[in-house]
Amino acid sequence: VVKTADVIIIGGGGAGLAAAVSAHQNGAKVIVVEKMSRLGGNTMISGSAYNAADSKRQSAITMTAPEKQTVENIIAGTYEDALVKTWQETLKKEWTEYLASGKTTLFDSPSLHKLQTYLGGDKKGTPELIDVFADNAYPAVEWLESLGMEFKDYVFTVLGGLWNRAHKPVKPLGTGFMETYENYLEKNKADIEVILDTTAKEFIVKDGAVVGVVAEGKNGKVTLNASKGVVLATGGFGANVEMRNKYNTVLWPDLTTVKTTNHTGATGDGIVMAEAVNAKLVGMEYIQLLPMGDPVTGSLSGNIEQGVQNRIFVNKEGERFVDEGARRDVMTKALMEQTDSYMWVIVDKNSYPTGDTKNNFNESIDDLVKAGRAFKADTLEDLAKQIGVDPVAFVKSVETFNKAVDGTAKDEFGRTLFDKKLDTAPFYAGARVPTVHHTMGGVSINANAQVIDANGNVIKGLYAAGEVTGGLHGTNRLGGNALADINVFGKIAGKNAATMK
Ligand code: ADP
């Protein structure tokens, strides 16, 4: 089979479909090739938190003293990179204006988002990518809304997101995103073809430019020629144990037996394909784990947290062990040091006002309790007994935490993100373990989403977006930054593949 389109997109997750929509909006006829029998990738099974500074949705939130201190610490930091220094200057100006205004609502801006992203990745992220990313995060929310997507009218702080700027789709998991793209594809099916069950294998290169893709379908070879450009959007390699082990050299102990939140297709194919055309790879050693895996499957299903502010973690001894508002790598490392690398997430009625209140995975707390995946009690002592931790230590942990919430004591782990005390029955507990979640490394791109080769030159005709790319997140991706990443860079990649010479 031989087919031709203006733009060929490899991978039908969020980045690929954002690119497909964007390429089509810019006049291209498009083919999307997807190796699985359905679209969606990791995007479909993600928590779908989407970070963007958004003064409208943030106007309902009051800023706390520890949060003010966080902004001041970031402003006072020392930065070497010239672009990063401009963010610092902008933030300083915005912060002075904010203080002068006498406002009490949560402060936020793209500059703060940039600096938190950069610091959260240990200053290893690429400033030119972070700059484009945070500036376009909110415009991409509006773009999605223009395509019919609905977000809730509030924002929240997602695990490892560090700030209250995560947008929540009205529909559960990644379905809000996927339905939005797929509706667009369906309406424009005369111009956008989706080929499922077909695995891209290698790029077709002519005179140094990528001009197509050779793929393998159920009935053999499929050749896809691109008259304008190819977008690589094949996602990460979290489900490929061999590849994880090859690159996991700095952050973690052996990950061979650690489970993953990823779908089975997250095997890093696109990274290997890009390497074969001399693409530069960046940050391959940075693999993200979450402290939030289901003990049996590693998936995010069964996670009972509803945002960062209103839950704590305790170990098998019933003791807190980390700032639960910290970075994902920090929390996971701390969890690995606890007995059996095992913890309990503790919440109260504030997170589940009723038994049919659902978690992020569309599971009601009653159903989770019935299935034995969560525990429910009217007192902290009873909850401790049910989960087999020392009631005295457990009650003390919660009481000490509550003092930090009302400001009568400083948090013993330096936590800065609080809302309500954990003091209202019923109380709930759910077990969690470390799980592989995201691979920060991948193909190097520039701010136009063009793929860069090992010599620092653009590979003509080749664009990339999403988890297959590296650089943006440095050593550690902030929670809520992936959905923004795939939409911002998917949109740019699709447009540029359709229009750049
Ligand atoms: P992102 O968040 O970057 O969009 P996803 O994991 O959501 O990443 O989507 C990547 C998609 O690419 C998945 O649906 C996956 O099955 C698909 N994919 C991975 N490798 C290939 C390949 N070799 N050919 C076609 N599709 C692929």
Side-chain angles (χ1 to χ4, degrees), residues 41-49 158-161 172-174 235-241 243-245 248 251-267 286-308 311-316 320-347 351 358-363 365 367-369 371-375 387-389 428-440 467 476-480 482:
N42 276 346
T43 305
M44 187 58 141
I45 52 169
S46 80
S48 283
V158 66
L159 175 94
L173 298 177
F237 59 92
N240 183 337
V241 172
M243 212 162 151
R244 273 194 221 162
N245 286 348
N248 174 36
L251 294 185
W252 306 103
D254 184 50
L255 295 177
T256 308
T257 59
V258 178
K259 297 187 175 76
T260 180
T261 63
N262 284 198
H263 83 121
T264 52
T267 48
Y286 305 135
I287 295 174
Q288 176 160 85
L289 275 75
L290 294 182
M292 281 297 162
D294 178 279
V296 178
T297 63
S299 96
L300 289 173
S301 150
N303 178 10
I304 63 170
E305 64 171 352
Q306 304 271 34
V308 163
R311 86 303 187 241
I312 58 168
F313 306 155
V314 299
N315 59 21
K316 285 192 163 181
R320 285 180 64 214
F321 55 89
V322 72
D323 164 11
E324 299 91 343
R327 290 162 39 158
R328 291 172 165 190
D329 53 351
V330 170
M331 293 189 289
T332 309
K333 275 182 190 152
L335 174 56
M336 284 178 167
E337 284 164 18
Q338 308 310 307
T339 307
D340 301 331
S341 298
Y342 198 95
M343 72 175 192
W344 297 95
V345 175
I346 309 296
V347 297
S351 295
K358 288 175 169 170
N359 69 359
N360 216 12
F361 265 65
N362 215 28
E363 299 158 323
I365 193 71
D367 285 345
L368 288 172
V369 171
R373 301 179 69 200
F375 294 85
I387 63 177
V389 309
Y428 297 96
R432 296 283 104 182
V433 299
T435 184
V436 173
H437 185 55
H438 184 101
T439 48
M440 267 76 67
E467 197 177 343
N476 168 69
R477 174 176 69 74
L478 297 193

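All heavy atoms count here, side chains included; hydrogens, waters and symmetry mates do not. This structure is a prediction, so every number in the text was calculated from the model and none was measured.
- With sequence neighbours excluded, the residues forming a ring-ring contact (aromatic ring centres under 6.0 Å, His included) with Tyr428 are Tyr352, listed by chain and number.
- Closest approach of Ala431 to Pro295, counting heavy atoms only: O-CD, 3.5 Å.
- To the nearest 0.5 Å, atom NZ of residue Lys358 and atom CD of residue Gln306 are 12.0 Å apart.
- The backbone N or O of Ala239 lies less than 3.5 Å from no partner atom in the side chain of Thr260, so there is not a single donor-acceptor pair.
- The closest donor-acceptor contact from the side chain of Asn248 to the backbone of Asp254 lies at 3.5 Å or more, if one exists at all.
- Once rounded to the nearest 0.5 Å, the distance linking CG of Leu289 with CH2 of Trp252 reads 5.0 Å.
- For the pair Lys316 and Trp344, the cation-pi test (distance below 6.0 Å, angle within 45°) is failed.
- Panel note: side chain Asn359, backbone Glu305; no donor-acceptor pair is recorded below 3.5 Å.
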Practice prompt. Just do the side-chain contact (heavy atoms from CB on, under 4.5 Å) check on Asn42 and Glu467 with the steps written out, would you?
Written response: CA-CA 9 Å; Asn42 276 346; Glu467 197 177 343; 3.6 Å; yes
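- Residues Ser301 and Glu363 share a closest heavy-atom pair of OG-OE2, 2.8 Å.
- Going from atom CD1 of Ile365 over to atom CG of Asp367 covers 9.5 Å, rounded to the nearest 0.5 Å.
- Tested against Leu300, the residues Asn360, Thr261, Ile45 include a single side-chain contact (heavy atoms from CB on, under 4.5 Å) partner, Thr261.
- Between Ile304 and Gly430, the shortest heavy-atom distance links the atoms CD1-N, 3.5 Å.
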Worksheet entry | Test log, rule side-chain contact (heavy atoms from CB on, under 4.5 Å), inputs Arg328 and Asn476 | CA-CA 7 Å; Arg328 291 172 165 190; Asn476 168 69; 3.9 Å; yes
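- When atom types are taken as modelled, the side chain of Thr435 and the backbone of Gly293 share no donor-acceptor pair closer than 3.5 angstrom.
- In the model, Asn315 has no side-chain atom that pairs as donor or acceptor with a side-chain atom of Thr339 under 3.5 Å.
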Worksheet item: Hey, mind stepping through Asp294 and Arg432 against side-chain contact (heavy atoms from CB on, under 4.5 Å) and telling me if it holds?
Response: CA-CA 5 Å; Asp294 178 279; Arg432 296 283 104 182; 3.7 Å; yes
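- At least one donor-acceptor pair under 3.5 Å links the side chain of Arg311 to the backbone N or O of Glu324.
- In this structure, Gln288 contributes its side chain and Asp329 its backbone to no donor-acceptor pair below 3.5 Å.
- The one candidate from Phe313, Tyr342, Phe321 that meets the side-chain contact (heavy atoms from CB on, under 4.5 Å) condition with Leu335 is Phe321.
- Ser341 has its side chain within reach of Pro434: a pair of non-hydrogen atoms, C-beta onward, lies under 4.5 Å apart.
- Between the CD1 atom of Ile346 and the CE atom of Met343 there is a distance of 9.5 Å, given to the nearest 0.5 Å.
- Within 6.0 Å of NZ on Lys333 lie more than 12 heavy atoms contributed by other residues, nucleotides or ligands.
- Proximity of Val436 to Asn262: side-chain heavy atoms (C-beta onward) are nowhere separated by under 4.5 Å.
- Side-chain atoms of Met331 and Met292, non-hydrogen and from C-beta on, never get closer than 4.5 Å to each other.
- Going from atom OG1 of Thr332 over to atom CG of Leu251 covers 10.5 Å, rounded to the nearest 0.5 Å.
- No side-chain N or O of Thr439 forms a donor-acceptor pair with one of Arg244 less than 3.5 Å apart.
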Practice prompt. Evaluate side-chain contact (heavy atoms from CB on, under 4.5 Å) for Phe375 paired with Val369, printing each intermediate quantity in order.
Written response: CA-CA 5 Å; Phe375 294 85; Val369 171; over 6 Å; no
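- Considering CG of Leu159 and NE2 of His437, their distance stands at 8.5 Å, rounded to 0.5 Å.
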